[in-house]
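Here the structure comes first, spelled out in structure tokens, and everything after it is commentary.
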Amino acid sequence: MMTITRRSVVGGGLASVLGERISRAATPAGMVEIPAGDFTMGEGQGAHRVYLDGFYMAKYLVTNAEYHAFADAAGGVRLPRYWRGGTFPEDKANHPVLWVSWNDAQKYCAWRSRESGCAVALPTEAQWEKAARGPQGFRYPWGNHADPRNLNYNGLCARTYGLQVTADGQVPGWRDFTGTAEYRTLVDRGGYTTPVDAFPQGKSAYGCFDMAGNAWEWCVDWYMQDYFKLADAGRNPRGPSREQADEVNRAAEHGKCKVIRGGSWYAHFSSARSLYRQETRGPEAGYHSVGFRVVING
């Protein structure tokens with residue numbers, strides 16, 4: 001039975017005691033096991049069966065405190081733009097880190113792999129969706145019923161600032177609000193994030209928190225609308241190559257973007273659906289509502 005040395009103390013849900021030796025048969029601290037097997041990915045014309053090898057997914061999004069540990073250890077790390085004096089706002093230690101580019105999230109994963117002895121990575125889109133939907137293939141991480149109380153989406157922020165929120169979670173005045181000085185100040189302070197463990201009622205059946213809301217989550221994959229037509233779509237898919245990816249944003253690298261999933265503090269309630277895949281971002285930049293979580297493969 002293979003064993004590994006877990007050397008780090010904090011980071012990406014991989015906290016462990018210094019020097020502790022842990023069997024790979026055990027679920028690493030801060031992670032949940034996603035068992036091998038197939039599931040239905042996508043919807044409508046794109047619905048298809050996918051087999052995935054087993055993996056571990058972080059129970060929580062990577063926090064500001066965890067990213068700070070990486071920045072301190074690695075050096076030369078581009079810090080999130082809402083940090084001041086080299087650190088995060090005092091009240092946001094346990095909130096998801098934002099303004100981390102896909103490229104920098106990859107560097108975090110490489111560092112965490114070296115520190116932990118594990119194969120730490122960003123999730124593939126298929127891994128993310130399976131972890132979000134659970135073994136029963138729920139519409140939302142928590143089940144099939146829509147419940148805006150189960151996540152941090154723009155309705156939570158809207159109520160704080162006196163905006164109307166409809167019974168089904170819509171915010172009619174949101175677009176106007178995003179043009180105000182109040183909103184710009186909010187973004188400068190790291191957005192309307194919440195602690196990564198703030199919504200236990202919204203966790204997925206596998207036990208992952210914030211699979212809906214708080215921060216969008218980077219996936220490994222380049223975006224392609226018809227990804228289900230790829231040759232490897234049915235077994236451990238990793239998405240299209242950059243050449244195969246759709247051109248969706250001229251401001252991004254050659255117009256190609258990475259997939260983000262899960263909604264955020266800024267996003268509307270419809271993005272809480274575990275099948276929602278209508279958002280992408282270029283890999284070079286960080287964004288005010290995009291964070292990430294990690295998986296352990298192999």
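All values derive from a computational prediction rather than experimental measurement.
For the residue pair Thr193/Lys92, the side-chain donor-acceptor check at 3.5 Å is satisfied. Between the side chains of Ser204 and Arg133, no donor-acceptor pair is found at a separation under 3.5 Å. Side chain to side chain, Asn64 and Tyr82 meet the donor-acceptor criterion of an N or O pair below 3.5 Å. Checked by atom type, the side-chain pair Tyr192/Thr160 shows a donor-acceptor distance below 3.5 Å. Using modelled atom types and a 3.5 Å distance limit, the side chains of Thr63 and Asn94 yield no donor-acceptor pair. Side-chain contact, Gln127 with Asn297: a donor N or O sits under 3.5 Å from an acceptor N or O. Checking Ser101 against Arg78 by side-chain atom types alone, a donor-acceptor pair falls below 3.5 Å.
Val171 is connected to Trp216 through a chain of hydrophobic side-chain contacts under 4.5 Å among Ile, Leu, Val, Met, Phe, Trp and Tyr, so both are in one cluster. Both Ile260 and Tyr276 are part of a single hydrophobic cluster, where members link through side-chain heavy atoms under 4.5 Å apart. Linking Ile, Leu, Val, Met, Phe, Trp and Tyr whenever their side-chain heavy atoms come within less than 4.5 Å puts Leu163 and Leu151 in one cluster.
Side-chain contact between Lys59 and Met31 is absent, with no heavy atoms from C-beta onward closer than 4.5 Å. Using a 4.5 Å heavy-atom cutoff, the side chains of Leu156 and Thr194 are in contact. When side chains are defined from C-beta on, Thr124 does not count as touching Pro237, because their heavy atoms never get closer than 4.5 Å. Side chains of Lys203 and Pro141 form no contact here, defined as non-hydrogen atoms less than 4.5 Å apart. Side-chain contact between Trp142 and Asp147: present, with at least one pair of heavy atoms (C-beta onward) separated by less than 4.5 Å. Residues Trp222 and Val259 fail the side-chain proximity criterion, which asks for heavy atoms closer than 4.5 Å. Using a 4.5 Å heavy-atom threshold, the side chains of Lys258 and Thr280 count as separate. In this structure the side chain of His145 never reaches within 4.5 angstrom of the side chain of Tyr140, judged on heavy atoms.
Between the side chain of Arg184 and the main chain of Gly179, a donor-acceptor pair closer than 3.5 Å is present. Thr185 contributes a side-chain N or O that, together with a main-chain N or O of Ala181, makes up a donor-acceptor pair within less than 3.5 Å. Of the possible polar contacts, none joining the Asp53 side chain to the Asn236 backbone as a donor-acceptor pair under 3.5 Å is found. A donor-acceptor pair under 3.5 Å is absent between the side-chain atoms of Glu129 and the main chain of Ala126, judged by distance alone. When atom types are taken as modelled, the side chain of Tyr287 and the backbone of Gly282 share a donor-acceptor pair closer than 3.5 angstrom.
Scanning all heavy atoms of the two residues, the minimum distance from Leu61 to Val196 falls at O-CG1, 3.9 Å. When every heavy atom of Pro200 is checked against every heavy atom of Phe209, the shortest pair comes out as CA-CE2, 3.5 Å. Summarising the geometry of Glu284 relative to Asn103, their closest heavy-atom pair is CA-ND2, 3.6 Å, with the distance given to 0.1 Å. Contact detail for Cys109 and Leu122: the closest heavy-atom pair is SG-N, 3.6 Å. Minimum heavy-atom separation, Asp221 to Pro123: OD1-O, 4.4 Å. Nearest heavy-atom pair, Phe269 versus Pro148, reported as atom, atom and distance to 0.1 Å: CE1-CA, 3.5 Å.
Between Phe70 and Tyr67, the two ring planes are perpendicular [angle over 60°; tilted spans 30° to 60°]. The aromatic rings of Phe88 and Trp83 sit perpendicular, their planes meeting at an angle over 60°, well past the 30° parallel limit. Ring geometry for Phe177 against Trp174 counts as tilted: the plane angle lies between 30° and 60°, on a 0 to 90° scale.
Of the charged side-chain nitrogens involved, none lies within less than 4.0 Å of a carboxylate oxygen, so that Glu217 and Arg261 do not count as a salt-bridged pair. A salt bridge links Arg277 to Glu125: at least one charged side-chain nitrogen sits closer than 4.0 Å to a carboxylate oxygen. For the pair Arg281 and Glu279, the salt-bridge criterion is met [side-chain N within less than 4.0 Å of a carboxylate O].
To the nearest 0.5 Å, the span separating NE2 on His68 from OG1 on Thr87 amounts to 3.5 Å. Atom CD of Glu43 is separated from atom NE2 of His48 by 12.0 Å, given to the nearest 0.5 angstrom. Arg49 CZ to Arg235 CZ: the interatomic distance, rounded to the nearest 0.5 Å, is 13.5 Å. In this structure, CD in Glu90 is found 15.0 Å from CZ in Arg84, a value given to the nearest 0.5 Å.
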Open item on the list: For Asn150 and Phe199: C-alpha separation, side-chain torsions, deciding distance, then whether side chain to side chain contact (heavy atoms under 4.5 Å, CB included) applies.
Closed with: CA-CA 6 Å; Asn150 288 351; Phe199 290 90; 5.6 Å; no
TODO: May I have the step-by-step check of side chain to side chain contact (heavy atoms under 4.5 Å, CB included) for Trp265 and Ser289, ending in yes or no?
DONE: CA-CA 7 Å; Trp265 69 267; Ser289 58; 3.8 Å; yes
Task: Candidate pair Cys157 and Leu186, rule side chain to side chain contact (heavy atoms under 4.5 Å, CB included), full reasoning - done: CA-CA 10 Å; Cys157 176; Leu186 177 65; 3.6 Å; yes
Open item on the list: Checking Val220 against Arg238 for the side chain to side chain contact (heavy atoms under 4.5 Å, CB included) test, could you report, in this order, the C-alpha distance in whole Å, the side-chain angles of both residues, the deciding distance, and whether it holds?
Closed with: CA-CA 7 Å; Val220 167; Arg238 295 189 60 82; 3.5 Å; yes
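Heavy atoms from other residues, nucleotides or ligands lying under 6.0 Å from CD of Gln201 number more than 12. The 12-atom threshold is not exceeded at CZ of Arg189, counting heavy atoms of other residues, nucleotides or ligands nearer than 6.0 Å.
Through direct or indirect side-chain contacts shorter than 4.5 Å among Ile, Leu, Val, Met, Phe, Trp and Tyr, Ile34 is connected to Val32, Phe39, Met41, Val50, Leu52, Phe55, Met57, Trp128, Tyr206, Met211, Met224, Tyr227, Phe228, Leu230, Val295.
Just one residue in the list Tyr60, Trp102, Tyr108 forms a ring pair (Phe, Tyr, Trp, His ring centres under 6.0 Å) with Phe292, and that residue is Tyr108.
A distance below 6.0 Å separates the ring centres of His288 and Tyr266.
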